[in-house]
Amino acid sequence: MKLPEAFITKYTRLLGDSAPAFFASFDEPVYSGFRLNPLREQPTDLPLTDPVPYTHWGYYGKVSGRSLPHQSGAVYSQEPSAMFVGEVAQPQPGERVLDLCASPGGKSTHLSSFLQNQGLLVSNEIMPKRAKVLAENLERFGVANALILNETPEKIAKTFPVFFDKVLVDAPCSGEGMFRKDPDAMSYWTPEYPQACADRQHDILREAVKVLKPGGELIYSTCTFAPEEDEQMIAWLLATYPEFEVVPITKTAGIVDGKPEWADGNPALAGTARLFPHLMKGEGHFVAKLRCREAIGTAKKFKGQRPNLSVEQRDLLAKFAKTTLTQTFDHKQLLTFGDQLYLMPIDTPDLGKLKVVRPGLHLGTFKKNRFEPSYALALALPADAVQTEIPITMADWRQVVHGDTITVTGLSINKGWARLTCEHQPVAFGKVVGQTIKNFFPKGLRFKAYEDEQ
């Protein structure tokens, strides 16, 4: 790989004797990985022989995006060093958590695994197209407690002052840790680019610090090696906000201490973590954890979002639940956007004028005299929450995800809604009519799957 000359000069100076090994690592193969979804039954045909040592659910290896484990949300593909960020954050069930720069969703899905669909996960992405991708990935993973926003850090800080237990800022950065995985990332790198990114990171952090409760934790990460965006960023935060202190991160598997000598020499910076590609099996990351000892700003009186179902909509939903589900939904958590119905997470604040991508779990659509369940609901409900589940074969699954109608003999019902499953994984809702199952797999997500991608 032909690295930029200025990049070589910079890291030769910074890394000294270890620089040759660092540069040589860019010619080594890229490490791929995936995480299991702890809320799904574990797939039986995945390569689970090489666990990522610092994660609960991570493994080295590749999973096809057109495979059943991926489509059903049983796994999430994620670069191995990026998995360390969620492990450092490790929120507890019931906490309020913000992922401020969340797309495409790898770290949000990881946070959700720890939360176990309890508490509130606010996943925000400032770019509209990327926010849509974020929503799709959280939907497929079966995340039921996420409020997905398309907002600026300033608006987030204004809406949620002194509100969260954990805040993750996986900051937009110069992407030096992406060079091996995506050589095109070098095309926009210049010697000045890391500082330009650092200026933007300062602006993001100025807002992020305002939303933490006393005792809450800020997790800051980048996929770059640049000191301007890493140790120097944390040194600036500590100097600017004495309310914060570094929480030392435990390192393993080749992960090393941050480098105080690359910033202001503050020994606390050694408590941050460096993931270098020549020292561990991954592309590279920087992670810091900081505790907020005293709130910056004042919390405002909590005002929750009000439900808005009509009597007619309640009746249609109740009729659907009675014939299809084994559970009902708390009306206090139900919100409609037009004819779309959502289950809001507990502690959802008044959404006001926020740009909302998803105000919670998408339950379905109200149509004339009926309620039609969503794909998201099919993937999020536990097995015992659906009255009728129909196991289908892999051949049937390939037809379903392609958008075809399937025929199944020996069904226990001849009319009504049923969730389709394949190898114990949720696939989608289907409408049974005799021995035919009408396909409700979303048109925009359909794809052609091949036998070798099972």
What I'd like to find out is whether the side chain of V287 reaches to under 4.5 Å of the side chain of T272, using heavy atoms alone.
no
Can you tell me how far the CG atom of L121 sits from the CG atom of L168, to the nearest 0.5 Å?
10.0 Å
Heavy atoms, side chains only, cut-off 4.5 Å: are F329 and L317 in contact?
yes
Less than 4.5 Å apart, any side-chain heavy atom of W417 and any of T323?
no
Using a strict threshold of under 4.0 Å (side-chain N to carboxylate O), is an ion pair present between R96 and D347?
yes
Are any of the side-chain nitrogens in K181 or E79 under 4.0 Å away from the carboxylate oxygens of its partner?
no
Measuring from Y241:OH to E294:CD, what's the distance to the nearest 0.5 Å?
14.0 Å
Indicate yes or no for a side-chain donor-acceptor contact from Q333 to the backbone of M344 under 3.5 Å, with no hydrogens or angles considered.
yes
Under a 3.5 Å distance rule, please check whether Q387 uses its side chain to pair with a backbone N or O of L325 as donor and acceptor.
yes
Can you tell if the side chain of D45 reaches within under 4.5 Å of the side chain of P43, non-hydrogen atoms only?
yes
Using a distance-only test with no angle check, is there a side-chain donor-acceptor pair under 3.5 angstrom linking D170 and S221?
yes
Counting C-beta onward and ignoring hydrogens, is there a side-chain heavy-atom pair between V356 and L149 closer than 4.5 Å?
yes
Would you say E389 and R419 make side-chain contact, with heavy atoms under 4.5 Å?
yes
Are any of the side-chain nitrogens in R206 or D203 under 4.0 Å away from the carboxylate oxygens of its partner?
yes
Quick one: which residue pairs count as a side-chain hydrogen bond (donor to acceptor under 3.5 Å, both in side chains) with a foot in residues 367-384, not counting sequence neighbours?
Q71-Y375
In chain order, what residues pass the salt bridge (charged side-chain N to carboxylate O under 4.0 Å, His left out) check against D182, with sequence neighbours excluded?
none
Do I126 and P153 touch side chain to side chain, with heavy atoms closer than 4.5 Å?
yes
Please work out whether the ring planes of F441 and F447 are parallel, tilted or perpendicular, with thresholds of 30° and 60°.
perpendicular
Between the CG atom in L205 and the CD1 atom in I234, the distance rounded to the nearest 0.5 Å is 7.0 Å
Salt bridge check: are E151 and K355 linked by an N-O gap of less than 4.0 Å?
no
Residue pair D230 / T222, side-chain donor-acceptor N/O under 3.5 Å:
yes
Evaluate the side-chain hydrogen bond (donor to acceptor under 3.5 Å, both in side chains) criterion for residues T336 and N308: first the C-alpha distance (whole Å), next the side-chain angles of each, then the deciding distance (0.1 Å), finally the verdict.
CA-CA 6 Å; T336 56; N308 63 351; 3.1 Å; yes
Salt bridge flag under 4.0 Å for residues K281 and D50
yes
Once the angle between the rings of H56 and F114 is folded into 0 to 90°, is it parallel (under 30°), tilted (30 to 60°) or perpendicular (over 60°)?
perpendicular
Would you call R293 and E243 a salt bridge, using N to O less than 4.0 angstrom?
no
Salt-bridge present (K107, D99; N to O < 4.0 Å):
no
Distance (rounded to the nearest 0.5 Å) between N145 CG and Q116 CD
10.5 Å
Less than 4.0 Å between a side-chain N and a carboxylate O, is that true for E125 and K132?
no
Ion pair check, R306 and D350, cut-off under 4.0 Å
no
Hey, could you give me the CG/CG distance between L212 and D165, rounded to the nearest 0.5 Å?
8.5 Å
Less than 3.5 Å apart, any donor N or O on the side chain of E229 or Q201 sitting next to an acceptor on the other?
yes
With rounding to the nearest 0.5 Å, note down the distance linking CE in M280 to NE2 in H285.
10.0 Å
Tell me, do V75 and R35 make a side-chain contact under 4.5 Å, heavy atoms counted?
no
